[in-house]
Amino acid sequence: MTTIIETERRAGVEPLAAVRPWTIAIAFGLVATAVSAAGSWIPSLWGDEAASIMSARRPVGSLMDMLFHVDAVHGLYYLGLHGWIRLAGESPFAIRFPSAVAIGFAVAAITLLAGRRGGPTAAIAAGVVGTVLPRMTYAGEEARSFAFSAAAAAWLTLLLVWLVDGRGRTVPDRTRRTCWMLYAAGMAVASYLFLYMIALAAGHLALLLLARASRRTVRAWLLAMLGTGVAIAPIALLAFFERRQIGYLGSQPLDPSTLLYVPWFGTPWVAAVAWALIVVAVTASILTWRRAGLRLRVGVPVTATSVGVCWLIVPTGVLLLANLVFPLYTARYSTFAAPAAALLVAEGVLMLGRWIGRGDPRRAFVAGGIGLVGFVGVCAPVYQLQRGPYAKNDSDWSEVSAAMGSLAQPGDAVVFDESTRPSQRPRLAMHTYPAGFVNARDVTLEIPYAQNIGWADRAYGVADAAAIGRFDGVHRVWLVENDIDGRLSDYGRDALLELGFEPTGRVVDTHRTAIIELTR
């Protein structure tokens, strides 16, 4: 693909020619890691992250028992986090930092992809966009497997491109077979990290067909996918039997926001700019191919644009089609395609700079740089919002824990609202930020999560807990309830009144939770 950097080469101007590709990749990998990690400790942990940390805390035997009933698709990530927290601890920064590192790896890979034909300028552009793209910075501050899916997709795509359109075509057959085996193994491991990663295979097949890859290459890819399919059959079967766990996704409509901006761009204004730049990149590529006399029947070049389109559109399209059969999709599941969005946006910026430059490579270079700065500016407000205290699904559990730490005295009891779905229950504040609850006894706990086949605790109702003596000797109870738009669920209030507990009028409101004092 013709980009600013190629124009500079033809004109004998290459201001960044001395910069090596791996230097750019390592530099932007470190920068992206730092950007994603910065402020990652500020937002309160939320329901999905509670599932991550509680699963990782379990003994391995208990974790394996759980995975045979729920969350098998995240099992490999939980096992990795199990080891990590024993080294680094369980602070929000510690459990989120591996995701920041994964984003660094993803950004490093896309600089190498962009720089293959576009040179250092294109590599740097991809690095800048990948570092600030909202979905990348969000995944990089979240204790889930999605950042790892982005990194795995980026490096697997880079390996495929190397095999199809790089030095991989000329290496000895034995080395080539080893690389295909590595590709198959990588796809399998990535699918165990997050099962939906297997949809990336559809994007890779589309790229092979679009480029009119040789029969030998397509045959090697099919054999690799056959091996991957055999390897992931166990996790696919478990996911099928556990599919009810995500049945709630059927109530989430697929609207324009789900399709156009939530998966990769975060907000409508970023999406508007990004999609405009993607259209510029695709249009410029088509015009370039037509001028060169290329036709689809003979294949198109394997460029950042062709790779990005196949990687961004096809796998997400496959997931959306599957969603028509049974609900399985939500926007964050397409995080593994976010590096592709960064590739395309970067190409659009470079192409726009070239058009503005009108044949002058220096003007084009400056215009491209200004465009990158502008895109960073567009994404900056989203980055700031992502680092707010309630950025993760409006969760305020760190605030709840701090409030309980200042209120509860030894001998006090705590009763949590159990009326909402498990991932939103305020009980999770105690598991994500336990320090504030050391003085409060959990009197309704029935089965702790580590002894349960599900990922969460099982709790008694207030009356049932009282029947087995859990409230004996308790003189003060703190009732922790969700407070949505000023509406309390009044969970367990009547049962506590029957036990002789009365509200004192002391209510502490956090962002979305009410802590109510009742005494006997």
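The residues of the chain are indexed from 1 along the displayed sequence.
- Under a 4.0 Å N-O distance rule, the pair R476/D412 qualifies as a salt bridge.
- Here the side chain of R458 pairs no donor or acceptor atom with the backbone of I447 at under 3.5 angstrom.
- With salt bridges taken as basic N to acidic carboxylate O contacts below 4.0 Å, one links D442 and R427.
- Taking a 6.0 Å sphere around OH of Y491, one finds it holds more than 12 heavy atoms contributed by other residues, nucleotides or ligands.
- We find that R332 and E142 are not joined by a salt bridge, their nearest charged nitrogen and carboxylate oxygen being 4.0 Å or further apart.
- Take A342 and apply the side-chain contact (heavy atoms from CB on, under 4.5 Å) test, not counting sequence neighbours, and it matches I110, V129, L133.
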For residues 26-38, which side-chain N or O atoms pair as donor and acceptor with protein atoms under 3.5 Å away, sequence neighbours left out?
{"residue": "T33", "atom": "OG1", "partner": "G29", "partner atom": "O", "Å": "2.9"}
{"residue": "T33", "atom": "OG1", "partner": "A100", "partner atom": "O", "Å": "3.3"}
{"residue": "S36", "atom": "OG", "partner": "A32", "partner atom": "O", "Å": "3.4"}

| message | Checking D396 against S44 for the side chain to side chain donor-acceptor pair (under 3.5 Å) test, could you report, in this order, the C-alpha distance in whole Å, the side-chain angles of both residues, the deciding distance, and whether it holds? | response | CA-CA 6 Å; D396 64 349; S44 180; over 6 Å; no
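- Relative ring orientation between Y196 and F194 is described as tilted, the plane-to-plane angle lying within the 30° to 60° band.
- Under 3.5 Å, the side chains of H74 and Y192 contain no donor-acceptor pair of N or O atoms.
- Checked for salt-bridge contact, K392 and D48 miss the test: no charged N lies under 4.0 Å from a carboxylate O.
- Note on E49 versus R144: no salt bridge recorded, every NZ/NE/NH1/NH2 to OD/OE distance being 4.0 Å or above.
- Ring geometry for Y390 versus H511: interplanar angle under 30°, hence parallel rather than tilted (30 to 60°).
- Below 30°, between 30° and 60°, or above 60°: for Y329 and Y333 the angle between ring planes is above 60°, a perpendicular geometry.
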